[in-house]
Number of protein chains: 2
Amino acid sequence: MDFEKENSAGYLVNHMARLFAKELQHHIAPLGIVVGQFPVLLELWLKDGVTQKDLLAKIDVEQATLANTLNRMERDGLIKRTKNPADARAQLIWLTEKARALRESSYEAAQAVNTKALQVLSVSERTQFTDSMRRVIEGLRSG
Amino acid sequence: MDFEKENSAGYLVNHMARLFAKELQHHIAPLGIVVGQFPVLLELWLKDGVTQKDLLAKIDVEQATLANTLNRMERDGLIKRTKNPADARAQLIWLTEKARALRESSYEAAQAVNTKALQVLSVSERTQFTDSMRRVIEGLRSG
DNA sequence: TATTATTGCATAGCTTGCTATTCAAGTGTA
DNA sequence: TACACTTGAATAGCAAGCTATGCAATAATA
């Protein structure tokens, strides 16, 4: 058989993801946050005072990955945790003021990265591209 | 500002890359290799007896990342290194027979993952999709 | 109600990626 | 030829992902 990496979707996806992450890293480093914290912050900016399990239902990472990320976020002063009156196993996760203040500039950073990355595509191609990604993700997730 | 992660190229790219990697991992685990070794093997199957620098020119990862991956591959009996008569700093990297034997089944595994992932797209969409990825990668790499 | 099962998280240990730094070997030059 | 510069690779240290496992609190049941 023959194999051309430049024609392999998986190879390209991996490469592209690393470039996106690097680009985002550069944009958000000045804000004092790192890429892995981004998905968590996105959810908490919408609604905080939630449990780890609640977050897990919204972010497709393993529970252990999220637990470690939350620990680093607490260490970095981005979140605080309080007792959950309803269940002593779970705690409630809250944004700190510091994290709350980063919302707008973080959105702008992410948009800037997306804009820069997609500028090589026409407007219709961009729509088609993100649509394809959503479908591929859905397909892989559902087995 | 508002931010919809399901519309964010970066968010989707990251998610998709993790799903691809997980899928490939499942396919190649029986072969005794792991995902990070894949790009290195692809190059060495084409041509071995090369230096780390040669590999680096073909794979877009940092030098330190490659050095660590090569160490694990040596540990796992996939490569051997010999003295480079032309330069004592660099060694020549060779596939072991074990690694050489994995070529066809690895290609098949990768193709299977790509096929499965892209099955939700029409044939013309697949072409368009990989083409867009190549252009996005090129755009991000060239600044 | 005592026991068992489930659930929510934490921890251990690994890979793969990054940046920054170090070091030895090779190259160029005063 | 000695010194400085460059280059090829290794190492340290961290983040972010994974699987596997453990543990305490809660829920379900005999």
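Just so we're clear, the structure is a prediction, and the values are computed from it rather than from any experiment.
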* Asked: When you match Arg18(A) and Asp54(A) each to their closest nucleotide on DNA chain C, which lands nearer the 5' end?
  -> Asp54(A)
* Tell me which of Thr65(B) and Arg81(A) sits closer to the 5' end of DNA chain C, going by the nucleotide each one is nearest to. => Arg81(A)
* Does Arg89(A) get its side chain close enough to the base of dT26(D), under 3.5 Å, for a donor-acceptor pair? -> no
* Asked: Any N or O donor-acceptor pair linking the side chain of Gln91(B) to the base of dA9(D) at under 3.5 Å?
  -> no
If you check every side-chain atom of [X], which of [options] has the closest atom?
{"X": "Ala90(B)", "options": "dA16(D), dG8(D), dT11(C)", "value": "dG8(D)"}
{"X": "Asn14(A)", "options": "dG17(C), dC18(D), dC9(C)", "value": "dG17(C)"}
{"X": "Ala67(B)", "options": "dG17(D), dT19(D), dA10(D)", "value": "dA10(D)"}
{"X": "Thr51(B)", "options": "dA15(D), dA9(D), dC18(D)", "value": "dA9(D)"}

* Asked: Should Gln25(A) be listed as having a side-chain N or O under 4.0 Å from OP1 or OP2 of dA15(D)?
  -> no
* Asked: Reckon Glu62(A) touches a base, only the sugar-phosphate, or nothing at all at heavy-atom distances under 4.0 Å?
  -> base
* When all nucleic acid strands are considered with a 4.0 Å heavy-atom cut-off, which category describes Ala64(B): base, sugar-phosphate, or nothing? -> base
* To do: Before giving the answer on side chain to side chain donor-acceptor pair (under 3.5 Å), spell out for Gln128(A) and Ser132(A) the whole-Å C-alpha distance, their side-chain angles and the decisive distance to 0.1 Å.
  => CA-CA 6 Å; Gln128(A) 171 70 38; Ser132(A) 292; 3.3 Å; yes
Nucleotide [N], atom [atom2] - distance to [atom1] of [X] in whole Å:
{"X": "Lys53(A)", "N": "dT6(C)", "atom1": "NZ", "atom2": "C1'", "result": "11 Å"}
{"X": "Arg75(A)", "N": "dA10(C)", "atom1": "CZ", "atom2": "C1'", "result": "17 Å"}
{"X": "Leu66(B)", "N": "dT16(C)", "atom1": "CG", "atom2": "P", "result": "12 Å"}
{"X": "Arg72(A)", "N": "dC18(C)", "atom1": "CZ", "atom2": "C1'", "result": "13 Å"}
{"X": "Lys83(A)", "N": "dA25(D)", "atom1": "NZ", "atom2": "C1'", "result": "13 Å"}
{"X": "Ile59(A)", "N": "dC18(D)", "atom1": "CD1", "atom2": "C1'", "result": "16 Å"}
{"X": "Asn84(A)", "N": "dT26(D)", "atom1": "CG", "atom2": "C1'", "result": "12 Å"}
{"X": "Lys22(B)", "N": "dG17(D)", "atom1": "NZ", "atom2": "P", "result": "12 Å"}

* Please check if atom NZ in Lys80(A) has more than 12 non-hydrogen atoms from other residues, nucleotides or ligands closer than 6.0 Å. => no
Got a salt bridge between [X] and [Y], using NZ or NE/NH1/NH2 to carboxylate O under 4.0 Å?
{"X": "Arg72(B)", "Y": "Asp76(B)", "result": "no"}
{"X": "Arg18(A)", "Y": "Glu23(A)", "result": "no"}
{"X": "Asp131(B)", "Y": "Arg135(B)", "result": "yes"}

* Asked: Does the gap between the ring centers of Phe3(B) and Trp45(A) come in under 6.0 Å?
  -> no
* Starting at the 5' end of DNA chain D, which residue's closest nucleotide do you reach first, Asp87(A) or His26(B)? -> His26(B)
* On DNA chain D, nearest-nucleotide positions of Gln63(A) versus Ala86(A): which is more 5'? -> Gln63(A)
